[in-house]
Enquirer: 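The structure that follows is given in the form of structure tokens.
Since the structure is predicted, the reported quantities are computational estimates derived from the model, not experimental observations.
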Amino acid sequence: MFQKSAVWIVVVLLAIIGMWGQYIISPDNLTANFLNSAYKIYLLFFFAGEWTMELEQVPWQIQFVRFFAPLAAVFGLIIVFATNIRISLVNFFIRFYTEHIVVVGLGNKSWQFMRTCKNKSKVVVVEREPENILIGRARELGVRVVVGDIFKDGIFALINLKGASNLIAFTGNDGVNVEFAIKARDYVRDKVGVQRRVRIQIHLNEIGLAHQLDTYPKFFSDYPSTDISFFSVYDLSARRLLKEYPPEIFADVAGHEQVHLAIYGFRRLALKLVIQAALLCQYANSSRLRFTIFDEDAKNKEERLHSEYPYISKICDFEFIEQSSFGPHVFAGDVGERLPSITQHIICRDNDEENLNIALMLRTALLDRKFSNAPILVRMQQSSGLAQLLESNTGDPEIPDGLYPFGMLDQVLHADNILTDNLDELARSIHAGYLESQADEDPRRHLAAQDWNELPQWDRKQNLTKADHLEIRLRSIRYRMTGQRLLTPVLSEREATVLTLMDHNRWLNERINDGWQYGKERLEEAKINPHLVQWDELSTAQVDKQIRETMAEPTHFAKNTGHYYQPIFVIGVSGHRLHKVDVDNEKLIIQIVDVLEGLRDRYPEHHFLILSPLAEGADRLVAKLAMEVLNASLEVPLPLPYDLYVSDFESNDSVEEFKVMVGQAEYYYEMPMRFGNVRELAYVDDTHGNESRNKQYALAGAYVIQRCNLLLAIYDGAHEAGAGGTGQIVRWYNESGIPPEFLYPSNYYLGPEQQASIILEPNP
């Protein structure tokens, strides 16, 4: 493309120089016969310069063009033909590709996907329209583009479909995508049989069609030859939202026993979010998920939800509220009374400007009430534009204002989000482990007791959902999954019981949502299962069996997937600010590093997490050193909303440092405003200070010491200065004497096994 542009630039410059020469020959003739003069210059590009012989004196401009114009034409033709020859050669060798990705349809969605693929030369696109402007851009990326109709004879052989690893249909037409998937499935079956498998992924705009096809056995009649699945932007957006902003983290910070999501606008994305959250958000305390949904057509939307998912009300709680417009008045009255119980607000209407406007109004209303400053998630179409007002790129300086963007196409359609190789590997491993535990089952009576290649689509999806739920389960017992080779941990009975309970609740809700019922005998065709009861109603034998299966999971995953369960060690930080701590004190830095290295040596199999509000002084010093020495993750509980919090910092440089560190955090979240609204917390009396504000600092400190395994304090041992001070936090940790108003229940996570605090002098 650059070469072609360069040729055109040269041609235009030569034409301008030639017209300059025409002006030198005769200004009057150029004006009177402009088109004729231009035509004569045009002839020079095709070796037709006889007219210059008639001139008494040839200006240098004409001589220059007479010499270089034919060369430009020749080189232009060479470039065009060479490019076409190169494309033809590249496309010829596609038929010999293996393990490549075939993409059907070149549009905005497939473009976003392709540009994030790691090995773009292994991506082959089939595009029907030769005039599509994205063809050239795709080839510049290194993507192979075949122009042609995917339904024509010979095209499957040309792209070597039978050798591909993935086939992704992005045509923009649901019917065409489904038709193509059927033809591709039949082709792979006839050409390859069961020797290898091709994964076919179909993009569907209509969520209802995907749901119906998922349960239509005829569509998945050839299990051994292909894996067929459906996805949409809405499906991917909902999954990514739940993964990036885990609802239980914010519910835990708020101190609520129930995750309560408020959704503004019930379009296709909101529908998908409700279904995925209802199935995935199963926690250690077995609480039901709650939704409050605001929409201008609430009644009809609720009826549609019930008609498409008739059992949804059995697995979660929801309320639809008619709301045609949003303004400050909306968040008063009955709606205002609901705000303190909401743990996340999710704005997912179709217009970015409208979403941002609602978010800003909502944020103002939340800050005006106690207990109500839950995070606001705002749907945005692209990472650029308005989304930049809400969040910068990961790792860049961040203003933690309680507003989080989601749903940006360039992130949602990322290759890792679509291909999900790790998730598929985990799902297969989960099923393999299940087969080992069900060796005595008769596959004729138990459809799930089949080899993966013979497994019905619905059961495959169950394993994928369980794999997706695994991250939530591991968080509940303070573990994570890693590819780092480690010793396989032995789960305690308590940990295994929590994991098993959560998985049973997920399985139970998934079955109920699909219309299964309890019965004493298993009848697969009638959707009856004897284990379809609450956890505390299961027989002792069944509970023991499921717990044994859970205990075997770490070893099974490590052996079959190379994924290891890794315990997380949380280091809480408390310490004096700059008036008492010299952050450049070499002795203090050495002491902190010694402590961190000692922890690393003592817990070599652990991943370390720093829990710190990043106040000036000791908080930031320890966090920086821990990220360097331990490669620790960072979570930041903010005692106050951002504008209030940074008003306590000493300088603009300190504010910038804070934003940089927040940008490095895995999560940040505001503590609930338990002790006053934003106006009450902003007021500071020069004489008496602000006791409510101090209590917010104490709340953040109390949260840290209730969620950490070890408190590392930089403390001079002086008498407690008041609420929220380091002395108070250290005493609470050491004496386990936290007052009730600062206590946090363990609704979603097992309480940590705590070590004795480590206290260092601020200025040794």
Side-chain angles (χ1 to χ4, degrees), residues 244-245 253 356 359-360 363-364 367 373 375-376 378 380 383-405 408 571-586 588-589 592-593 596 609-671 673 678 681-682 684 690 693 696-697 700-701 704 712 714 724 726 762-763:
E244 288 195 342
Y245 309 112
V253 171
L356 182 58
L360 294 175
R363 175 68 173 172
T364 300
L367 293 178
N373 55 319
I376 302 171
V378 190
M380 292 280 130
S383 296
S384 57
L386 291 177
Q388 288 295 306
L389 294 175
L390 304 181
E391 184 180 48
S392 59
N393 294 321
T394 302
D396 289 344
E398 178 66 63
I399 297 177
D401 57 1
L403 302 175
Y404 305 80
M408 292 81 75
I571 303 172
V573 183
S574 184
H576 294 306
R577 296 201 175 194
L578 293 173
H579 68 288
K580 284 191 174 184
V581 175
D582 178 6
V583 295
D584 296 319
N585 186 313
E586 288 294 333
L588 176 60
I589 293 173
I592 295 173
V593 170
L596 297 176
L609 185 149
I610 293 294
L611 194 56
S612 168
L614 296 182
E616 291 175 315
D619 277 22
R620 296 184 196 174
L621 177 60
V622 174
K624 286 179 183 177
L625 293 173
M627 287 190 284
E628 293 173 7
V629 175
L630 302 175
N631 194 28
S633 301
L634 173 65
E635 288 190 18
V636 183
L638 302 170
L640 296 164
Y642 170 76
D643 289 337
L644 296 184
Y645 191 30
V646 298
S647 67
D648 286 341
F649 297 167
E650 291 190 354
S651 66
N652 289 333
D653 288 343
S654 177
V655 174
E656 292 303 315
E657 179 187 50
F658 172 74
K659 291 194 291 186
V660 168
M661 295 191 71
V662 170
Q664 298 170 337
E666 186 173 9
Y667 302 109
Y668 72 83
Y669 31 77
E670 291 177 2
M671 305 307 297
M673 296 190 300
V678 69
L681 296 174
V684 178
N690 185 325
R693 190 179 179 114
Q696 285 292 138
Y697 279 100
V704 167
L712 175 53
I714 312 300
T726 302
N763 295 294

Enquirer: In Å, rounded to the nearest 0.5 Å, how long is the span from CE of M380 to CG of L356?
Expert: 5.0 Å
Enquirer: Is the shortest heavy-atom distance from the side chain of V704 to the side chain of P637 under 4.5 Å?
Expert: yes
Enquirer: For residues I714 and I592, determine if any side-chain heavy atom of one lies less than 4.5 Å from a side-chain heavy atom of the other.
Expert: yes
Enquirer: I need the L640 CG to L681 CG distance, nearest 0.5 Å.
Expert: 6.0 Å
Enquirer: Could you tell me the separation between the CG atom of D648 and the CZ atom of R693, rounded to the nearest 0.5 Å?
Expert: 4.0 Å
Enquirer: Taking all atoms of both residues into account, what is the closest heavy-atom pair of P641 and M673, and its distance?
Expert: CG-SD, 3.8 Å
Enquirer: Between atom CG of D582 and atom CG of N763, what is the distance when rounded to the nearest 0.5 Å?
Expert: 6.0 Å
Enquirer: With a 6.0 Å cut-off on the ring centroids, do Y404 and Y669 count as close?
Expert: no
Enquirer: Quick one, L403 with L360, criterion side chain to side chain contact (heavy atoms under 4.5 Å, CB included). Give me CA distance, side-chain angles, the key distance, then yes/no.
Expert: CA-CA 9 Å; L403 302 175; L360 294 175; 3.9 Å; yes
Enquirer: When rounded to the nearest 0.5 angstrom, what is the spacing between CD1 in I610 and CG in L712?
Expert: 7.5 Å
Enquirer: Rounded to the nearest 0.5 Å, what separates atom CE in M661 from atom CE in M627?
Expert: 4.0 Å
Enquirer: Using only atom types and a distance under 3.5 Å, with no angle test, would you say the side chain of E635 pairs donor to acceptor with the backbone of Y667?
Expert: no
Enquirer: Taking all atoms of both residues into account, what is the closest heavy-atom pair of F658 and L614, and its distance?
Expert: CD1-O, 3.7 Å
Enquirer: Answer yes or no: is there a side-chain heavy-atom contact under 4.5 Å between I571 and L596?
Expert: yes
Enquirer: Mind checking what makes side chain to side chain donor-acceptor pair (under 3.5 Å) contact with E666, not counting sequence neighbours?
Expert: none
Enquirer: Taking all heavy atoms of P639 and all of P613, pick out the closest pair and write down the distance.
Expert: CD-CB, 4.1 Å
Enquirer: Can you confirm if the NZ or CZ of R363 lies within 45° of the ring axis of Y642 and under 6.0 Å from the centre of its six-membered ring?
Expert: no
Enquirer: Which heavy-atom pair separates E616 from S654 by the least distance, and what is that distance?
Expert: OE2-OG, 2.6 Å
Enquirer: Determine whether L588 and L621 satisfy the following criterion, side chain to side chain contact (heavy atoms under 4.5 Å, CB included), listing intermediate values before the conclusion.
Expert: CA-CA 10 Å; L588 176 60; L621 177 60; 3.9 Å; yes
Enquirer: Keeping Y245 on the side-chain end and P375 on the backbone end, is there a donor-acceptor pair under 3.5 Å?
Expert: no
Enquirer: How close do V573 and V622 get, heavy atom to heavy atom, and via which atoms?
Expert: CG2-CG1, 3.7 Å
Enquirer: Tell me, do F649 and E657 make a side-chain contact under 4.5 Å, heavy atoms counted?
Expert: no
Enquirer: Indicate the atoms forming the closest heavy-atom contact of L644 with A682, along with that distance.
Expert: CD2-CB, 3.5 Å
Enquirer: Stepwise, does the side chain to side chain contact (heavy atoms under 4.5 Å, CB included) test hold for T726 with H576?
Expert: CA-CA 6 Å; T726 302; H576 294 306; 4.0 Å; yes
Enquirer: Between L625 and E628, is a side chain to side chain contact (heavy atoms under 4.5 Å, CB included) present by the stated rule, with each step listed?
Expert: CA-CA 5 Å; L625 293 173; E628 293 173 7; 4.1 Å; yes
